[in-house]
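Inspection log for the structure reproduced underneath, given as structure tokens.
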Amino acid sequence: MQNTDNTTVEELINRSNRLGADKRNTNFAGGNTSAKGTEKDPVTGQDVQLLWVKGSGGDLGTLKAENLAVLRLDRLQALKDVYPGVEREDEMVAAFDYCLHGKGGAAPSIDTAMHGLVDAAHVDHLHPDSGIAIAAAVDGEALTSKVFGDKVVWVPWRRPGFQLGLDIAAIKEANPQAIGTILGGHGITAWGATSEEAEANSMWIIEQAENYIKANGKSQPFGPALPGYAALPEAERKAKAAALAPVIRGLASTDKPQLGHYSDDAVVLDFLAATGHPRLAALGTSCPDHFLRTKVKPLVLDLPADATIEESTNRLKELHAAYREDYQAYYDRHADENSPALRGADPAIVLVPGVGMFSFGKDKQTARVAGEFYINAINVMRGAEAISSYAPIEESEKFRIEYWALEEAKLARMPKPKSHATRIALVTGAASGIGKAIATRLASDGACVVIADLNLENAQKVAEELGGSDVAIGVQADVTDEAQIAAAIQEAVLAFGGLDLVVNNAGLSISKPLLETTEKDWDLQHNVMAKGSFLVSKAAAKVMIDQGLGGDIIYISSKNSVFAGPNNIAYSATKADQAHQVRLLAAELGDHGIRVNGINPDGVVRGSGIFAGGWGAKRAAVYGVDEQELGKYYAQRTLLKREVLPEHVANAASVLTSNELSHTTGLHIPVDAGVAAAFLR
């Protein structure tokens, strides 16, 4: 049971949020904080000592009361009496469940013992760059004494768990003057009698380490500049990144599809421009929180910044094959009969000199955070090399963490991916109507979505509604302009790593009889829909082919592509053009695993941008009905007598691009409630 009015909990949340707001202190979802206090037992009415500690998977910067695990302190500390020893310490994680108070809150993490066993009311365990720099230095123990005196005590590397908690508790008891520890190869732990004191002690350790490195560090910790490896100018850098991103994402998705994140942060570019980067990158990361997300080391392109796209692509493919062999060998060196199966041999981090970093994960947030962690790792290397030599934990220990049975169990508890997870979609005309409905549906299916529209402000508004930049981005795109299409796709590729799914939805209609239809009317509709779909499909297909992951192209055509209605020559003709593009591209792109299908809606009045733009009034006049009744009129002329809404078209787009129709291409699906005259023959 958890009382969110408890001032102890309130202070813990506020402290955690402050510490987690600065990535120099700890990474996203990294580190943990705790507080001990008293509450009434709801059964006995007696005071009970409790431990509130950040639960498994929580993030300090956004921590809320419901993210805390709540445990009986007496029961947690009594586990010392049944502890079976370091060889069986993993069993203690399951024992935490028997210490929970009431409903217990969040699931206790592996670090719970550290907080419960240390004799202090408030404890912080963090992964600051400056602290890990000392923790990962070859002479970290001597540096700890030199930097902090006897206020901070060195703890040799030990995998997180019950024994580490016992070790830190013993150190605190033996060193009453100490305010915290440096955990070899890992991070820091600090404590205090009050929440304010614990936070102050944590910050003192972090800032003391920062100041020591700044005052005593070498000016070029990564070595002198490497000729030809400096950062390219921004426009050239991003253009090269966009050209390479689909290739790199395809390689990183060899075992399973991944989403990507691109960063040209100065920390990354400066690291890659120095002579020491190949040696340091090969050593890999040290902090367990780092390499669980970045893998033990990155793939680094060993070509200068001005290497051509073709040269870079060919070399990346060679390096990727070597990386996979090396990772398999790493697994084989350390795995035993109890080890979880190999999870995949592709890199999570790919570094390209002069261009930046590509990071990958099961979703956009995971990919982005992996990149943030590698930036932290670079900062750690810089600090360690500035005052000593970087010496991460042994490879065998990294394997024990990466292929930990507890980590495997944590992964097994993850929810099943949604139907479109890891897929990247671009929808044109997506700021309203059918396009918005499709974008919304694809996002709810787990896809990352690029909202492309003439109106940038509206596109960005829709993207924000869908969940922000980890789910969707808004871009401006006039589909009649090849340069704008290229720019929109570049934004998509740099935001999410590539492109898997395109919906050609942008359109308009001018309802006029033949003799009143002008050349301008004809050209406008053909430029937007026929030409626009062609240009978007062409640009998207290039990305999909480079990725080698297949893909989907959807055309929002119309019932009018096969039905000859009155006073509609330009619109119906261009829709027929789009419909045949589906067949042509399905035949051409099948060799690349790219499916091309169409949807033929009819009578989508409510929520439709086309109808709101005057088309509805003109069609109502043609049929002699009030515009407000047009949807009902269309419904009554169908076989099912049902009105068609944008969401119904979105349903079709979802199904067509799911694995349920993985063997379907060149198909047009009517979404018209049944119009016999538009049956496909």
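Scope of the values below: all heavy atoms of this structure, side chains included, with no hydrogens, waters or symmetry mates.
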In plain terms, say whether [X] and [Y] are close enough for a salt bridge, that is, a side-chain N and a carboxylate O under 4.0 Å apart.
X	Y	answer
Lys256	Asp346	no
Asp264	Arg237	yes
Glu311	Arg315	no
Asp129	Lys23	no
Glu385	Arg279	yes
Glu234	Lys238	yes
Asp363	Lys418	no

Salt bridge (Lys or Arg N to Asp or Glu O under 4.0 Å) evaluation trace for Asp500 with Arg249: CA-CA 11 Å; Asp500 304 301; Arg249 179 177 177 235; 2.9 Å; yes
Ring centers of Tyr331, Phe399 separated by less than 6.0 Å: yes
Centroid-centroid under 6.0 Å between His290 and His127 rings: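 Ring centres of His127 and His290 not closer than 6.0 Å.
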Under the 3.5 angstrom rule, does the side chain of [X] hit a backbone N or O of [Y] as a donor-acceptor pair?
X	Y	result
Asn27	Gly30	no
Ser658	Val655	yes
Asn597	Leu667	yes

Spacing of Leu272 atom CG and Leu351 atom CG [to the nearest 0.5 Å]: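 That separation rounds to 5.0 Å.
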Within 45° cone and under 6.0 Å: Lys295 NZ/CZ vs Tyr327 ring: yes
Charged tip of Arg293 within 45° of Phe28 ring normal and under 6.0 Å: no
Sole candidate of Val582, Ile553, Ile485 that passes side chain to side chain contact (heavy atoms under 4.5 Å, CB included) when paired with Ser537: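 Option passing the side chain to side chain contact (heavy atoms under 4.5 Å, CB included) with Ser537: Ile553.
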Passing option when Asp255 is tested against Arg324, Arg343, Lys362 for salt bridge (charged side-chain N to carboxylate O under 4.0 Å, His left out): Arg324
Test side chain to side chain contact (heavy atoms under 4.5 Å, CB included) applied to Leu319 and Val350, step by step: CA-CA 10 Å; Leu319 290 169; Val350 177; over 6 Å; no
